[in-house]
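We name chains A, B, ... by the order of the sequence lines, and we start the count at 1 in each one.
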Amino acid sequence: MDDQPRLMHSTHGVGMAGHPGLAQHMQDGTGGADGEGRKQDIGDILQQIMTITDQSLDEAQARKHALNCHRMKPALFNVLCEIKEKTVLSIRGAQEEEPPDAQLMRLDNMLLAEGVSGPEKGGGSAAAAAAAAAAGGGGSDNSVEHSDYRAKLSQIRQIYHTELEKYEQACNEFTTHVMNLLREQSRTRPISPKEIERMVGIIHRKFSSIQMQLKQSTCEAVMILRSRFLDARRKRRNFNKQATEILNEYFYSHLSNPYPSEEAKEELGKKCSITVSQVSNWFGNKRIRYKKNIGKFQEEANMYAAKTAATATNVSTHGSQANSPSTPNSAGDSFLCDQPDATST
DNA sequence: CAAAATGATTTATA
DNA sequence: TATAAATCATTTTG
């Protein structure tokens with residue numbers, strides 16, 4: 001509360017009172033019978049204007065009143081207006097049109113996408129409970145973690161909104177304060193509405209840069225939260241034995257071309273109770289790891305070859321199973337483009 | 001506990 | 001856009 005007038009003092013109070021040609025100008029206008037006395041008089045007034053904001057509030061109020069009632073005031077004001085008229089050009093030149101900041105837009109978009117700055121759904125902690133209750137039955141394991149995430153997210157959102165509101169309020173408060181101040185001062189020195197507008201713009205820019213910091217750190221918090229809760233690598237579960245079995249069966253029985261079609265992936269996913277993308281992940285990992293070290297997988301390959309052979313023969317003719325577990329190694333593995341060192345033998 | 005295994009993500013490529 | 005390859009973050013194993 002004490003700081004604000006001082007700020008205004010530093011930005012506006014000094015610049016205009018110290019005009020070099022002022023005293024001379026005044027003297028010319030008044031004919032100069034007792035010029036010395038007037039000069040002194042005007043000097044006093046200017047001095048008072050310059051120091052007015054350094055004084056206590058009551059003192060300043062009294063001083064202002066005295067100034068306003070001073071007989072020289074209208075004339076002095078006119079002169080100040082005249083001087084202002086001449087310098088206003090330089091002010092107009094200093095208008096920089098800022099394009100909407102790309103960084104700020106990115107932050108806004110992200111906050112909106114993460115549901116931080118959007119409309120709040122439910123009532124804070126109630127939202128988490130609702131989310132947990134909504135997804136009953138199936139993936140209960142997943143939804144518990146998810147609700148935890150939502151709870152944390154709504155916490156972040158609440159802090160964000162509280163802070164944002166605080167800044168907004170502070171900004172408005174400060175703006176009205178400055179505007180009142182300027183309006184008041186415009187009785188003593190010339191201030192056009194445009195200048196006030198400009199000042200308000202400056203204040204808003206300052207505050208929005210503060211808001212941007214808030215948005216920045218909120219984004220960081222959300223990112224950390226995401227990586228903590230939503231990154232699937234952090235809560236990886238191995239597939240159950242049966243699923244692995246099914247996938248391996250397919251892989252080794254299609255070893256020459258282990259690239260299941262979209263439909264095949266869907267079917268495998270259904271059989272293994274995993275998603276299609278999990279099937280894709282599995283085959284991607286399997287292909288690269290098989291190719292990288294065929295020797296290590298030889299045993300597994302033989303095993304599954306034997307297994308599929310056995311089931312095949314079981315289905316067709318229940319009798320003979322004397323098929324040797326032919327190693328499906330170099331059986332036209334077109335997916336093995338180049339062979340790295342097949343370590344061990 | 002260290003190393004191996006493993007599912008998921010990221011990056012590069014055709 | 002699907003895949004290869006590298007990498008990450010866990011789980012399993014010895």
What is the nucleic acid contact for [X], judged by heavy atoms within less than 4.0 Å: base, sugar-phosphate only, or nothing?
X: A:R289; result: base
X: A:K286; result: nothing
X: A:N285; result: base

Just the rounded figure in Å: distance from [atom2] of [N] to [atom1] of [X].
X: A:E299; N: B:dA5; atom1: CD; atom2: P; result: 12 Å
X: A:W282; N: B:dA5; atom1: CH2; atom2: P; result: 15 Å
X: A:K235; N: B:dA8; atom1: NZ; atom2: P; result: 11 Å
X: A:E262; N: C:dT3; atom1: CD; atom2: C1'; result: 13 Å
X: A:R236; N: B:dA5; atom1: CZ; atom2: P; result: 13 Å
X: A:R287; N: B:dG7; atom1: CZ; atom2: P; result: 14 Å
X: A:K241; N: B:dA5; atom1: NZ; atom2: P; result: 14 Å
X: A:N238; N: C:dA9; atom1: CG; atom2: P; result: 17 Å

**OP:** Please check if any side-chain donor atom of A:S192 sits under 3.5 Å from a side-chain acceptor atom of A:E195, or the reverse.
**Re:**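 A:E195 and A:S192 do have a side-chain donor-acceptor pair below 3.5 Å.
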
Original post:
Does A:S280 or A:D231 map to a spot on DNA chain C nearer the 5' end, using the closest nucleotide for each?
Top reply: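 Of the two residues, A:S280 wins.
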
Shared ILVMFWY cluster between [X] and [Y], side chains joined below 4.5 angstrom?
X: A:L104; Y: A:V222; value: no
X: A:L182; Y: A:F207; value: yes
X: A:I156; Y: A:L164; value: yes

side-chain N/O [X] vs [N] OP1/OP2, d < 4.0 Å:
X: A:K291; N: C:dA5; answer: yes
X: A:K296; N: B:dT6; answer: no
X: A:Q278; N: B:dA8; answer: yes
X: A:K292; N: C:dA4; answer: no
X: A:Y259; N: C:dA4; answer: yes
X: A:N281; N: B:dA8; answer: yes

Original post:
Which listed nucleotide (B:dA8, C:dA9, B:dA5) is nearest to the side chain of A:R234?
Top reply: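 Closest nucleotide among those given: C:dA9.
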
Original post:
For the side chain of A:I288, counting heavy atoms from C-beta on, which of C:dA4, B:dA5, C:dT12 is nearest?
Top reply: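 For the A:I288 side chain, the nearest candidate turns out to be C:dA4.
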
**OP:** Of all the heavy-atom pairs spanning A:K271 and A:I246, show the shortest one and how long it is.
**Re:**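 Closest approach of A:K271 to A:I246, heavy atoms only: O-CD1, 3.9 Å.
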
